[in-house]
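Reminder, nothing fancy here: chain letters follow the sequence lines and each chain counts from 1.
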Amino acid sequence: MLQVQDIRDNKDRYIKALTKRGIDAAEVFKKVLDADENRKATQTKLDETLAESNSVSKEIGDLYKSGNAKEANVLKEKTVALKESSKELSSQLDSISEELQKLLWTIPNIPNDLVPAGLTEDDNEETFREGDIPVLAEGSMPHWELAKKYDLIDFELGVKITGAGFPVYKGKGARLQRALISYFLDKNTDAGYTEYQVPLLVNEASGFGTGQLPDKEGQMYHVGVDDLYLIPTAEVPVTNMFRNDLVQEADLPITCTGFTPCFRREAGSYGAHVRGLNRLHQFDKVEIVRIEHPDNSYKALDGMVDHVTEILRELKLPFRILRLCGGDLGFTSALTYDFEVFSTAQDRWLEISSVSNFEAFQANRLKLRFKNADGKNSFAHTLNGSSLALPRVLAGILENYQTPEGIKIPDVLVPYCGFDIIS
RNA sequence: AGAAAGGUGGCCGAGUGGCUUAAGGCGCACGCCUGGAAAGCGUGUAUACGGCAACGUAUCGAGGGUUCGAAUCCCUUCCUUUCUGCCA
């Protein structure tokens with residue numbers, strides 16, 4: 001959520017930046033600023049009325065104490081009108097504030113200067129590419145066929161016990177999953193991130209804090225009897241640990257990592273693009289979250305990109321980095337880099353990580369502030385990224401490491417797996 | 001699920017209708033003291049909104065009510081803790 005004061009101070013620049021998302025914000029900004037003026041004026045009137053009420057009450061108290069009940073009773077009559085008008089003003093103020101709030105919720109974050117204009121994924125800008133795409137032997141397969149051939153994943157079994165999009169990992173497939181989780185967590189903690197295990201169900205306030213609610217309600221599984229949501233990403237519980245917090249400047253940055261399953265309803269397309277591990281309702285992910293001083297957040301974003309790059313480099317998977325264009329940028333993000341690994345057998349790129357700087361957009365919703373050296377409070381910047389999402393990494397490993405003898409295990413994973421080939 | 005006790009500032013914690021303008025402590029900041037530090041002493045220190053400012057207003061989990069006046073009384077609701085029950 002943007003701050004009204006920022007909109008006021010940077011109106012033209014913000015309007016221009018939002019055109020990169022294909023949004024003309026001129027009208028909504030005008031509405032916001034008008035509503036805010038209205039709010040201020042109403043608040044001032046209300047404050048004056050209440051101030052008078054308070055001073056009359058004090059007088060009445062004093063009169064009673066000095067035994068002058070008669071005069072006190074005269075004054076009491078005066079409070080009736082004051083009370084009425086303060087009630088009226090306060091309900092006006094409530095509805096104005098609510099209107100303002102609703103307007104603010106509809107406005108996405110302001111894209112950073114680096115964000116390319118453009119509305120579709122074709123406009124994303126490739127900033128980096130590394131790793132050779134292997135030339136596969138005759139008879140090479142997509143990962144879902146490999147998973148079946150080597151008995152690593154049973155998709156039908158998942159359908160039986162739950163439904164489509166809930167695979168069962170088995171044997172060396174399950175072990176490889178566990179190896180990846182441990183490896184990712186180790187890389188993250190080695191880089192200084194503190195490891196957390198967090199709840200997989202969150203309350204409504206948490207959904208609001210990170211921006212999944214109210215807009216994307218349909219994308220989360222909802223447990224009705226207890227009014228809780230299954231997390232779509234560890235970002236939600238991890239970032240919400242700091243909701244309503246006021247931290248000291250010296251405590252920044254706060255860096256966290258955590259492994260969680262993620263649950264996404266994603267009612268949408270079917271077909272080849274969602275086959276196998278490409279899109280699931282439940283998948284595993286290791287996430288990194290940073291709470292940063294605003295002056296340092298973009299440096300931190302670059303650091304996160306470098307960190308994920310190093311992991312993919314160690315896994316020796318062919319990957320590229322995209323700077324998302326305005327149209328592809330998430331609602332809450334100011335700048336996002338997507339990592340994609342090449343699926344050789346499918347001949348296409350698969351998104352495996354998304355690293356974003358939300359600036360103060362989430363912090364404003366979360367009320368996550370820090371106290372600086374002068375004792376002033378301001379919103380911290382929040383960032384997060386996957387390091388990494390498991391299924392597509394697994395798909396990439398299966399497809400890119402397949403040989404006629406079997407699937408080789410990337411060197412860095414061998415100690416975690418306890419085997420070096422799946423055959 | 002049943003019973004009981006609670007929810008107060010960055011944190012702990014006192015506070016049963018007006019002198020609460022929220023005590024006291026911890027923490028933090030600054031100063032004194034010190035070779036330097038600790039301790040000690042002194043001063044300051046909640047948040048939000050409005051205002052150039054003085055200042056005003058709101059906020060004691062949330063929402064409603066009683067009252068001229070509510071942290072305090074009443075109602076509703078959420079959450080936490082303890083005990084009982086169930087359970088890995």
Gap in Å between the two C1' atoms, one belonging to B:G9 and one to B:G27, rounded: 13 Å
Are A:Thr49 and A:Ser86 linked by a side-chain donor-acceptor pair shorter than 3.5 Å? no
When you compare B:G56 with B:G17, how far apart are their P atoms, in angstrom units rounded to a whole number? 26 Å
Under 4.0 Å, heavy atom to any atom of RNA chain B: which of residues 201-209 of chain A qualify? none
Is there a donor-acceptor contact under 3.5 Å linking the side chains of A:Thr42 and A:Gln92? no
Euclidean distance for C1', B:G15 against B:A70 (whole angstrom): 13 Å
Given the P atoms of B:U43 and B:C49, what is the spacing between them in whole Å? 31 Å
Got a salt bridge between A:Glu314 and A:Lys187, using NZ or NE/NH1/NH2 to carboxylate O under 4.0 Å? yes
With sequence neighbours left out, which residue pairs that include part of residues 253-262 of chain A fulfil the side chain to side chain donor-acceptor pair (under 3.5 Å) condition? A:Asn188-A:Thr257
Between B:C55 (P) and A:Glu52 (CD): distance, integer Å: 21 Å
Is it true that A:Glu145 and A:Lys149 make a salt bridge, defined as a side-chain N closer than 4.0 Å to a carboxylate O? no
May I ask you to check whether A:Lys285 and A:Thr233 show a side-chain donor-acceptor distance below 3.5 Å? yes
Taking atom C1' of B:G56 as reference, at what distance in whole Å does atom CG of A:Leu93 sit? 15 Å
A:Lys30 vs A:Asp34, test: salt bridge (Lys or Arg N to Asp or Glu O under 4.0 Å). Steps then yes/no. CA-CA 6 Å; A:Lys30 185 177 182 324; A:Asp34 286 350; 2.9 Å; yes
Taking any heavy-atom pair under 4.0 Å as a contact, classify A:Asn54: base, sugar-phosphate, or nothing. sugar-phosphate
Which pairs with one or both residues in residues 81-106 of chain A pass ring-ring contact (aromatic ring centres under 6.0 Å, His included), sequence neighbours excluded? A:Trp105-A:Phe208
For A:Asp24, all residues meeting salt bridge (Lys or Arg N to Asp or Glu O under 4.0 Å), sequence neighbours excluded: none
Dot-bracket for RNA chain B, 5' to 3', with Watson-Crick and G-U pairs under 3.5 Å, [ ] for crossing pairs and | for other-strand pairs: what is it? ((((((((.[[[..)..(.....]]]((((((.......))))))(((((....))))).[[[[[..)....]]]]])))))))....
C1'-based separation of B:G13 from B:C19 [nearest Å]: 22 Å
After noting the C-alpha distance and the side-chain angles of A:Tyr183 and A:Ile311, does the key distance pass the side chain to side chain contact (heavy atoms under 4.5 Å, CB included) rule? CA-CA 9 Å; A:Tyr183 166 65; A:Ile311 293 175; 3.9 Å; yes
Integer-rounded Å distance: B:C78 C1' and A:Leu228 CG: 13 Å
Nearest-Å distance for atom pair CD/P, residues A:Gln3 and B:A48: 11 Å
Taking only the C1' atom of each, what is the distance from B:G61 to B:A23 in whole angstrom? 22 Å
Taking CZ from A:Arg243 and P from B:U47, how many angstroms apart are they, rounded to a whole number? 21 Å
In whole angstrom, give the distance that lies between atom CG of A:Leu46 and atom P of B:G51. 15 Å
Expressed in angstrom and rounded to an integer, what is the separation of A:Lys58 atom NZ from B:G56 atom C1'? 12 Å
Near RNA chain B, counting only heavy atoms under 4.0 Å, which residues of residues 37-45 of chain A show up? A:Arg39, A:Lys40, A:Gln43, A:Thr44
Does B:U47 have OP1 or OP2 under 4.0 Å away from a side-chain N or O of A:Arg369? no
Output field: ring centroids A:His307/A:Tyr193 closer than 6.0 Å: yes
Donor-acceptor side-chain pairing of A:Ser297 and A:Asn357 below 3.5 angstrom: yes
Can you confirm whether or not the ring centre of A:His293 sits under 6.0 Å from the ring centre of A:Phe370? yes
In whole Å, measure the gap between the C1' atoms of B:U84 and B:G25 for me. 37 Å
Taking for each residue the nucleotide of RNA chain B with the nearest heavy atom, is it A:Lys83 or A:Asp47 whose nucleotide lies nearer the 5' end? A:Asp47
Determine the Euclidean distance between corresponding C1' atoms of B:G65 and B:C41; express it in Å to zero decimal places. 50 Å
Output the rounded distance in Å from CG (A:Asp36) to C1' (B:A48). 14 Å
